[in-house]
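Single-structure report; data block below.
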Amino acid sequence: MSDQPVLVRRLSNGAEIRVLQQPWAERVGLCLRVAVGSHDEPPAYPGLAHFLEHLLFLGSRHYAAEQGLMAFVQGQGGVVNASTQARHTDFVFELAAEQLQPALLRLLDMLRWPLLQVEAQAREREVLQAEYQARSQDASCRIDHALSQALAAGHRCADFLAGDRASLPLEQTVFQQALRDYHQNHYLAGRMRLTLVGPQPAEQLLAIAEEHLRQSPGCDDEPANMAPAAMLPLRAPRLSLQHSRAGLYLGCAVQLQADGLEQALELLLDALQDAAPRGLLAGLRELGLCQQLLVRVLYCHAGQCLLRFDCGGAEVTRGTELRTAIQGWLQSVQDDPNWASRLREWHQSAALRQLVASPLALAQHLQAPQCDEACTLRALKNLLAQMTADDGWIELQCSEQPQPDWPAGGLSLPLRALPACEPVVVVHRDWRLPLGDALLQVKVPAVAVLPAVRLRHYASVSAGDPAALYWRGRLDGEGAWDELEATLQARIGDIRQRGERLGIVTQLSVQRESWTLVLQGVARLLSGFSAQILPLLLAPIGQRVEPASQGLLLRALLQRLPVLCEAPGELELQGMGVGFSEREQEQLAQLCTSVEPLLALQPVSGDGGGLTWCQAAQPGGDAALLLFCPLPAVDAYTEAAWRLLGQLLQGRFYQRLRGELQLGYALFAGFRQMQGQRGLLFALQSPVCDAAGIFGHIRAFLDEQRESLATLDDTLLSGCRTALQQALRPLQANLPRAEQLWQLHLAGLPEVHPQRVREALTALAPNDLLKAHEQLLRVSDWRVLASGAQPPA
């Protein structure tokens, strides 16, 4: 585990920089936070802050949009994003460490000198309109919005600030002035905090950040941080929302005059959701009040916070009983002396979680305010005291029963206030604060009854790196894929949460005939954790669990796409570990009844059947489609040509379908692997086009590319080739190396395959790209997963 210190520096212009070295990282992660968000925008123009965030990517003084941050980072195989919250706006990216400076230059240029061209604004407003429609229909967003209606009148949490055509009058001079004023008044260095995490020494990261950020203009004076409107007293503590799925949700609004609220909330939420015996969740299950408890922070600023409690399995009419039980637990643990020990364990667990976090995730984590133990415990005491009172609690009942329209700002809701409910008495319980995790405290023996296992180990390349463990087993059950997947996910829910507390990342994916479990974390913990979680996955499927509601439609389809690419046939339990010592390998061997070399699976070849179309039902709303085009051959030269083709098409796909045709706001294009098959993936979610139409647009886009490929600029080709070769370089860190080795195993490819692809890239000529494009258009084995039916031939 890294014990590298976080270096902090505040510049003369007011900007703050925090950097951390992650020696085993392959990439660098950056988060630049501007302390201004949707609650700071002019009330006359809801969504202006979010709109500006989008516009900043559309060209700046020194970089046109096609050379800007998004194009540059994506061209380097990295990730880039931004988000507007109530009180801050984040800009993030992660890419190869050596590309940090050119990416940072582009980021700072677009924040300081955006073009804000009206023509670009008109196009981007349509993107926001599509996002507004999606968010306004999203089930979880509507619940968030309904809970916020209980707050005292005047608080901006109650307003829906996504932005749409009506709230963004581009044609008005006064709006354009407000947009520029908002940018000029808030996007200043004194309101910025830049966090960086990468493999470079911290001093080097600090020097790079300081060199460029010091040129940003500072504030003439401290920004006026006006106190937000009061959350309390509540105007409607009990509400009923017309919703497609029945459920019970609780909210809790808190107002404190103390520092350390963010850390106190993290500590409290961890304890509230702990499924350990004699804890809150275990007691709620025994009382029959709910089966799952998910608590999230919807808002936190200036001593105010709004919490959301998702009460899985709770009866809609038992909200008062459930709230009273939770308050009983809060009252019981309010003065528990073990909170200090729980906090120390929380810090220990946090260090474990940081070990497996990506550079970008760590950079985002460093944005959190720092607070010592005494400050956190004081804030926790105040927080518990206020939550034991009744004045901040909200009850939201969701059912299909029609409700009148509630006058909510920016979005109407079928919602009404319910009358006050008589107090109830819940049976007294001997509540306890869960403390001490067995996996942390002692060496847990790896004991489990497992079938014959094929297990292969790869040694760690870099010291101190987290380990990775892959398991793949046969799916023993009958029924619809989504039901089986939901059953297994529910079955491991408690143990997954325990693992997450200890920095064990658990990823379970379920296909038609198999499941794959990926564990990442401290090597000494993974054997004992495997002994607890594998029997849950290997047990026969019994009781069905209703599939969870999906979020973004495109993401839901992407989770199902591997089902179309799975190789049929029997599969026994197999495993692969990277980064385990000899002693830890022995512990894993004791877990298994036999240890043999891992046999490679044979890649699935196309059957020459042309187009395979699978429809996934999705009621109402947007349409979405995924098109996966498998490689026609598995040799390194073919893969190199298709990877380069995907790199070139990625930016053009985004520009054509999103920028020019305005078809949607969620899209993807590039080289991907699905199960054992590699190929090109094209994806789009659209509010204006059905699935058949999306397919037609993607097909037309692919047909149009031959001319541009035939006249390809040598400089562009060379840049894409270099970026791909960099992405395929030998990996040193355990986690990305383990993922690469596992994907090679699934595809039946040798460990040297990436090096062969790199060598093939060097020899590629423009004619090879034209040949790859012709292979792509033959439609020999295209796989489509869509929310609608296939168009007629």
Side-chain angles (χ1 to χ4, degrees), residues 132-150 160 162 236 238-252 273 281 284-285 288-296 298 306-323 326 393-406 408 411-418 421 479-491 493 510 543-560 615-624 685 687 787:
Y132 174 88
Q133 292 176 347
R135 286 184 58 190
S136 65
Q137 297 168 9
D138 181 78
S140 185
C141 284
R142 294 178 73 83
I143 290 169
D144 290 348
H145 196 44
L147 286 170
S148 69
Q149 302 310 303
F160 193 73
R238 300 183 70 240
L239 295 162
S240 178
L241 174 68
Q242 183 181 350
H243 202 268
S244 58
R245 297 184 65 176
L248 176 65
Y249 301 86
L250 298 179
C252 189
Q273 300 170 108
L281 182 53
L284 295 178
R285 288 171 175 171
L289 290 173
C290 73
Q291 292 301 311
Q292 297 294 336
L293 190 65
L294 175 64
V295 191
R296 293 188 288 116
L298 299 185
L306 176 61
L307 304 181
R308 166 177 161 174
F309 292 70
D310 289 23
C311 311
E315 296 181 21
V316 174
T317 58
R318 300 186 70 183
T320 303
E321 293 177 77
L322 185 57
R323 171 182 57 79
I326 295 173
W393 284 91
I394 306 161
E395 177 186 337
L396 178 65
Q397 300 179 6
C398 293
S399 70
E400 295 183 352
Q401 181 179 354
Q403 303 293 351
D405 282 342
W406 180 278
L411 175 67
S412 62
L413 289 171
L415 180 74
R416 69 181 175 94
L418 295 175
C421 189
W481 168 85
D482 55 354
E483 289 185 343
L484 296 175
E485 196 266 350
T487 298
L488 290 185
Q489 295 287 5
R491 188 179 282 180
V510 180
Q543 181 180 2
R544 296 286 184 264
V545 177
E546 186 177 2
S549 59
Q550 302 288 354
L552 186 68
L553 174 58
L554 196 66
R555 188 178 298 117
L557 291 183
L558 188 58
Q559 293 172 347
R560 297 187 177 204
Q615 180 178 349
Q618 181 73 18
D622 294 357
Q685 178 170 332
S787 61

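None of these values were measured; they are calculated from a predicted model.
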**Message:** Using the salt bridge (Lys or Arg N to Asp or Glu O under 4.0 Å) criterion, which residues pair with R318? Sequence neighbours excluded.
**Reply:** E321

**Request:** With sequence neighbours left out, write down each residue that passes side-chain contact (heavy atoms from CB on, under 4.5 Å) with S240, or none if nothing qualifies.
**Result:** Q403, R416, L418

**Complete:** Hits for side-chain contact (heavy atoms from CB on, under 4.5 Å) against R142, two or more places apart or cross-chain, chain-then-number order -> L411, L413, P414

**Item:** Side chain proximity check, C290 to L322, heavy atoms < 4.5 angstrom
**Value:** yes

**Partner residues of A417 under the side-chain contact (heavy atoms from CB on, under 4.5 Å) criterion, sequence neighbours left out** = A236, L239, W406

**Complete:** In terms of heavy-atom contacts, G251 and L147 come closest through N-CD2, 4.1 Å

**Message:** List the residues meeting ring-ring contact (aromatic ring centres under 6.0 Å, His included) with Y249, not counting sequence neighbours, and say none if there are none.
**Reply:** none

**Fill in**
The salt bridge (Lys or Arg N to Asp or Glu O under 4.0 Å) partners of D310 (sequence neighbours excluded) come to R308

**Request:** For L281, check side-chain contact (heavy atoms from CB on, under 4.5 Å) against everything at least two apart and list the hits.
**Result:** A275, R285, L293

**Asked** Among L396, I394, I326, L294, which one satisfies side chain to side chain contact (heavy atoms under 4.5 Å, CB included) with F309?
**Response** I326

**Asked** Does Q489 have any side chain to side chain donor-acceptor pair (under 3.5 Å) partners at least two apart in sequence or in another chain, and if so, which?
**Response** E485, R496

**Item:** Atom of A246, atom of V316 and distance for their closest heavy-atom approach
**Value:** CB-CG2, 4.2 Å

**Request:** Compare all side-chain heavy atoms of R323 with those of C421 and state whether any distance is below 4.5 angstrom.
**Result:** no

**Complete:** The salt bridge (Lys or Arg N to Asp or Glu O under 4.0 Å) partners of R135 (sequence neighbours excluded) come to none

**Fill in**
With sequence neighbours left out, the residues meeting side chain to side chain donor-acceptor pair (under 3.5 Å) with Q397 are E395

**Request:** State, to 0.1 Å, how close R245 and C398 come at their nearest heavy-atom pair, and which atoms those are.
**Result:** O-CB, 3.8 Å

**Fill in**
In terms of heavy-atom contacts, L557 and S787 come closest through CD1-N, 4.2 Å

**Prompt:** Which heavy-atom pair separates C311 from L250 by the least distance, and what is that distance?
**Reply:** SG-CG, 4.2 Å

